[in-house]
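Since the structure comes first, as structure tokens, the remarks are kept for the end.
Within every chain, numbering begins at 1; the chains are lettered A, B, ... in the order of the sequence lines, protein sequences first and strands thereafter. Remember, it's a predicted structure, so these values are computed and weren't measured experimentally.
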There are 2 protein chains.
Amino acid sequence: MKNKLVLLFFMTVSVVLSQSKPIDYVNPFIGTSNFGTTNPGPIAVRGMVSVSPFNVAGTQNLPLEKDSRWLSTPYIYENTFLTGFSHVNLSGVGCPELGVILAMPTIGNLETDHLKYGSTYSEEKAAVGYYTNKIDKYNIKVEATATTRTGISKYHFPAGKANILLNLGLGLTNEEGAMVKVVSPTEIEGVRSVGSFCYYKPEEAYPVYFVARFSKPADEFGVWKKPRKYTGTEAEWFLKNGESRIKRGYTKEIVGDSIGAYMQYNFEKPTEIEMQIGVSYVSIENARENLEKETSGKTFNQILAASKKEWNNNLSRIKVEGGTKDDKTIFYTALYHTLIHPNTLNDFNGEYPKMKTRETLHTIGTRYTTFSFWDTYRNLHQLMSLVYPEQQSDMVKSMLQVYDESGWLPKWELNATETTTMVGDPAGIIIADTYLKGIQDFDIEKAYRAMLKSANQLESNPLRPGIKDYLNKGYLTTKTTHSGSVSTTQEYNVSDFAIAQLAKALGKKEDYKAFFKRATSYRSLFDKKINLLRPKNDDGSWLTPYDPEYGANFQKNLGFIEGNAWQYTFMVTHDIKKLINLMGGEKPFVAQLEQVFNNNLFDMANEPDIAYPYLFNYVKGEEWRTQEKVSQLLNKYFKNTPDGLPGNDDTGTMSAWAVFSMMGIYPVSPAEPMYAIAIPVFDKVTILLNKKYYTNDKVEIYRVQENSKSHIINSIYIDGEKLSKYFINHRKLSNTSVVKIKLQ
Amino acid sequence: MKNKLVLLFFMTVSVVLSQSKPIDYVNPFIGTSNFGTTNPGPIAVRGMVSVSPFNVAGTQNLPLEKDSRWLSTPYIYENTFLTGFSHVNLSGVGCPELGVILAMPTIGNLETDHLKYGSTYSEEKAAVGYYTNKIDKYNIKVEATATTRTGISKYHFPAGKANILLNLGLGLTNEEGAMVKVVSPTEIEGVRSVGSFCYYKPEEAYPVYFVARFSKPADEFGVWKKPRKYTGTEAEWFLKNGESRIKRGYTKEIVGDSIGAYMQYNFEKPTEIEMQIGVSYVSIENARENLEKETSGKTFNQILAASKKEWNNNLSRIKVEGGTKDDKTIFYTALYHTLIHPNTLNDFNGEYPKMKTRETLHTIGTRYTTFSFWDTYRNLHQLMSLVYPEQQSDMVKSMLQVYDESGWLPKWELNATETTTMVGDPAGIIIADTYLKGIQDFDIEKAYRAMLKSANQLESNPLRPGIKDYLNKGYLTTKTTHSGSVSTTQEYNVSDFAIAQLAKALGKKEDYKAFFKRATSYRSLFDKKINLLRPKNDDGSWLTPYDPEYGANFQKNLGFIEGNAWQYTFMVTHDIKKLINLMGGEKPFVAQLEQVFNNNLFDMANEPDIAYPYLFNYVKGEEWRTQEKVSQLLNKYFKNTPDGLPGNDDTGTMSAWAVFSMMGIYPVSPAEPMYAIAIPVFDKVTILLNKKYYTNDKVEIYRVQENSKSHIINSIYIDGEKLSKYFINHRKLSNTSVVKIKLQ
């Protein structure tokens, strides 16, 4: 029997007694169902490590079993069969990776097969920095918390024989290979090979190192290995062919694809054991140092308290008032999800692995990783620039480090590998957007050079493989690529728009002109007959026959990546005025955009169209449609339930959509430092601003509602001055003390 | 075209010019065919490392291909397809193990599949400490030599692109799993999992560590991995499923079952590269230290010269005069083979791994390993005690270390694992024999305790699992074991005889009596009706029906391990007088023994009956049969050709038989400090004696032949005193200056 309880449930009592803090409103189970692919494991703000319950192995978990399908999360709310706790995990991604360094407490005789030692669990609870459950089979209560680079687990063992298993065979990743060594009765060290994100580039698999420490010396310890099963002649001779081997008391390295280590205890009475696992992508030594620097001399509860405090400090950058408890929970959980990725790659001592060769380098600020830029260029970094500019600054610097090391800006960088997932050239968009918002403490000339490189290099260009046709014809053709000729043209357009914007700001007038022109080349793919974008063939003819709806459900198609013409046509937010013209004016534009929603073509779960609801703001008098749509989408897709995300969180992109939308502002056009305005969910939103980057120390956004029935904006005031459009410039917003959004 | 030439061939010239040294008579190709399982790779005296050409992988080598059959050697003379040079190898064993850390030079584009980069070879030559060939496919000349713990290879590359591959997937062992890391353009470090000797005890697999250094920095480097091939759903998604991955410039650990590392060069002109691979069974650090201490500042030629000098010093302990060049070659090659195993396990700094848990321990003297005692208790250690007593002393001390660490004396110990291969309790026999020969600088009381433990412990006795029946009934029954009830009884008898002999020497009279009685319990398995030993059932009845010849060709049978009644009945050398009585007197005894030879039942290739030819010496007037048989066997089985060993060398046991037999003395009864005498092959044999253990500094054995037709001993004189029997006591021999064996 599974009994999941959110801690929040209990905290309603304390809410009455005292003021609830932002962290009290985080429900880590949001997104753990409906393919949200978040997990409830404790993690520090942008932590390298989390301690996620792992319940995706074993037929008991079918149909959501990791090897039976493309599954990209270590934890699924509905699943019931737990095989341990993984210590490096991705949150909200669409591809299987990491989910390794699995620890599992058991009792009784040693069993090293996770399909046998796995168990159902109950009494599950999660909160910021904390997770607990009870492992039914063994009656062991587990508690977990984490520092940036260390996962801490507390096992409440009953009296008797107890085991702690570190399984390095099992994992969510499709990579294999590990080394493990018992260093002493209180320490295990090792390395696990990971990689092949999205099953791509297995040749760039890489190691993650760890050191595990135990609060009490083990009475016995050892390692195990499940070898490959021989066939043929050797199988006839091999005693115990393919059988797992347990090496008791063994103190040397063991290497192989399916191996593990264990600690054993004989408890006379119920006993708590704490296990700390420090992680590094550089070396075992660094994993050990990370562990020591971050946990030495601290109790579980002290670490948990510090984690909560750090989270609260971060989440408190935005204060919301009014709204229901669910609203606040949805909001702060979304904000929490935007603070998981990008995450820390460097060790405590500043060391991190160089791209590709993985030589050891040193960073001054944080070297961030997990850059899912095709997703996050649209809103997550805009949220960071506004609320956490110091973090955004380090993210841009990390991007430049990647450029220095690999010769190219990142696209989908993960732990110092470029996974080359998705399409387009999104890094420059983020850089331009950041710079134009006044966060400029990085080498902008280098960044600009890097942006020009992928914009112009004709041969061996990993970011814009379609560059030749793009420059010659203005667009990719159905010959250039087998998938996404139109959408990739649009992505390049947005990137070129970003270069143009940045060129303008840097006084590079020629570049500005040239790139602004390039940025609108999508126009020649606009088919006036259908008022939609349409792929063109190599000879310039339209792709015929053509079904603009095809691709809605991720079917691979010639024109669009993960979408169709309806879901992409409006993704030219830098050129909406011209798009309105192309469509024949404001009325047809609004009608066409409404069709997307009315005909069920809008996809809240994927990025290309997520700015659509805000596009009605571009037509005077139609802004109410934006307000209505945003409100409807929030209500429909964002909930205080495990299925409370529309789909993959996409490393916080969906959550960033919710955070902005609930505040009543949205960065509708990447690389344009402005926000479209809709109705905040809350009566008052206070955004604290970092004085290093902004003049004001905060901006307050009020929803002023005369009566409960009003749900349309009447007028907007910026420090008392009425706004004529439903957009606000970033500089204006950050220099404003009070934004008042008055409803009719 | 393969063109094998023994260096000796060329050295005939120098023989004429100057006095040949013992090393000049070593032909490392002897035993590389006919399942001798020696290899021609250079090795230091009792070295941890050898550099063996590896030609047993790939269908080109069928039928002698390693995976298609039970193959126990990295090199076979007839094979033609070379896939590299392995750096840890066993010599003369019957089971597959080690044969790993494979290096291969290639040219052109990188190819990491050994089946593709493998090549035929030519211009092969080998000498003590030296091996060379030319790899046909790449026109690369390879030269190799070795120190105790380092293999040194010199590759003569042509101009152009050159590669040095370190393949950690390939190996003779049936274990898998490795880690490798490129430390710098001149260094690679790693670990390879080995074990499962004889396919036994895979759970005791263990690591061998290495550091490879290159004389020139690589222009490029990298690692590779051939991953497991996924099947099912994952295979559909996995791009490049199962394909090898090359990681260029990668500097981190890579782990897995099939991995490797490479160095690449671009040579403008033909260039020599030297590669040194240091090995350790303790750690990578120790492998590096071994390499540095043993090779630092030394050229290839200096190392080779030092190796030759060390070998010559060892081989010169016995000087032979007269005989043909082939005789000398057979003799010194056999002596060379007895100086390979047991080999060094400890590192330069004295560290070595503890049995089973592999914690790091420290030894003062050499910790020897590769103890194939069921073989070597019969003659090899007797040779060591006589000629290399300081080495034999360390071997006994190593045995006691194993006892200290594991609680039991070794049986078939390999690199700090007890492989439990073969039967019996042979360590005590060796200890007693050594002690009784005056080599006593070890803890004899501890040794005696260890011997008593396996002789008496009834439960969980790994050395004498048949102990209960043995003590109750005097023998193992067909119920006690499914194979070898009689022969294992005999083995225990010999061990008990050794305890009795030692007890007597130590003044433990009660033990002497008790164990002497135990040592003759085989007698109740003697069936007078057939004058042979015969298995008994649990109720004391004879095994019926019974075919005493069954088992001659290693067929598994109830009574005997690797043999039959004929091949075992006389293996009671400690009790031959009683056996003669049992058989009805000297005549029937001689007749029965002659039958073994006449009916082709004698097996020169296996140990149980190898003392048989010397047993005629026990019957006065019949000694000529011994002389005749020994001479015939030497001529038939020991040759200066690759098939010049009767079969597996059994870590030098067959070679020790040849060495003793060619000197005219043989330690016919283990734990009895005496030798049976036959006719030396040489006119004069001078054995240098170690003054630490012996009074004399040498003993000379002359074959005095009046005319060329004489082939029977007439009389034997010990320092002028005529010997009445054809045996000589060890003490007597070592106190003698001149033994004269006069032929009729």
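Residue contact with chain B, scored on non-hydrogen atoms closer than 4.5 Å, involves the backbone and the side chain of A:Trp70 alike. At a 4.5 Å heavy-atom cutoff, B:Phe221 makes no contact with chain A through either its backbone or its side chain. Residue contact with chain A, scored on non-hydrogen atoms closer than 4.5 Å, involves the backbone and the side chain of B:Glu175 alike. Interface remark: B:Lys354 contributes no atoms to any contact with chain A (heavy atom separation under 4.5 Å). Both the backbone and the side chain of A:Lys252 have a heavy atom closer than 4.5 Å to some heavy atom of chain B.
B:Glu413 and B:Thr369 share a donor-acceptor pair across their side chains, judged by distance under 3.5 Å alone. Side chain to side chain, A:Ser483 and A:Thr481 fail the donor-acceptor criterion of an N or O pair below 3.5 Å. Side-chain atoms of A:Asp347 and A:Ser280 include a donor-acceptor pair closer than 3.5 Å. With no hydrogens or angles considered, a side-chain donor-acceptor pair links B:Glu359 and B:Thr357 at under 3.5 Å.
Between chain B and the residues A:Pro227, A:Gly256, A:Ala178, the most heavy-atom pairs under 4.5 angstrom are made by A:Ala178. No other option in A:Ser196, A:Ala205, A:Gly222 has as many heavy-atom pairs under 4.5 Å with chain B as A:Ala205. Listed options A:Lys225, A:Arg248, A:Glu243 were ranked by heavy-atom pairs under 4.5 angstrom with chain B; first place goes to A:Lys225. Counting heavy-atom pairs closer than 4.5 Å to chain B, the top residue among A:Tyr209, A:Tyr206, A:Tyr200, A:Trp224 is A:Tyr209. Listed options B:Lys66, B:Lys240, B:Met179 were ranked by heavy-atom pairs under 4.5 angstrom with chain A; first place goes to B:Lys240. Ranked by non-hydrogen atom pairs under 4.5 Å with chain B, the options A:Val282, A:Ile254, A:Asn174, A:Asp257 are led by A:Asn174. In terms of non-hydrogen atom pairs under 4.5 Å with chain A, the most contact-rich of B:Gly232, B:Ser283, B:Ser68 is B:Ser68.
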Review point. Hey, mind stepping through A:Trp237 and A:Tyr230 against ring pair (Phe, Tyr, Trp, His ring centres under 6.0 Å) and telling me if it holds?
Key: CA-CA 10 Å; A:Trp237 295 320; A:Tyr230 279 86; over 10 Å; no

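With rounding to the nearest 0.5 angstrom, the CG atom of A:Leu98 is 12.0 Å from the OG atom of A:Ser72.
Within the 3.5 Å criterion, the main-chain N or O of B:Lys411 finds a donor-acceptor partner in the side chain of B:Glu418.
Of the charged side-chain nitrogens involved, at least one lies within less than 4.0 Å of a carboxylate oxygen, so that B:Glu204 and B:Lys356 count as a salt-bridged pair.
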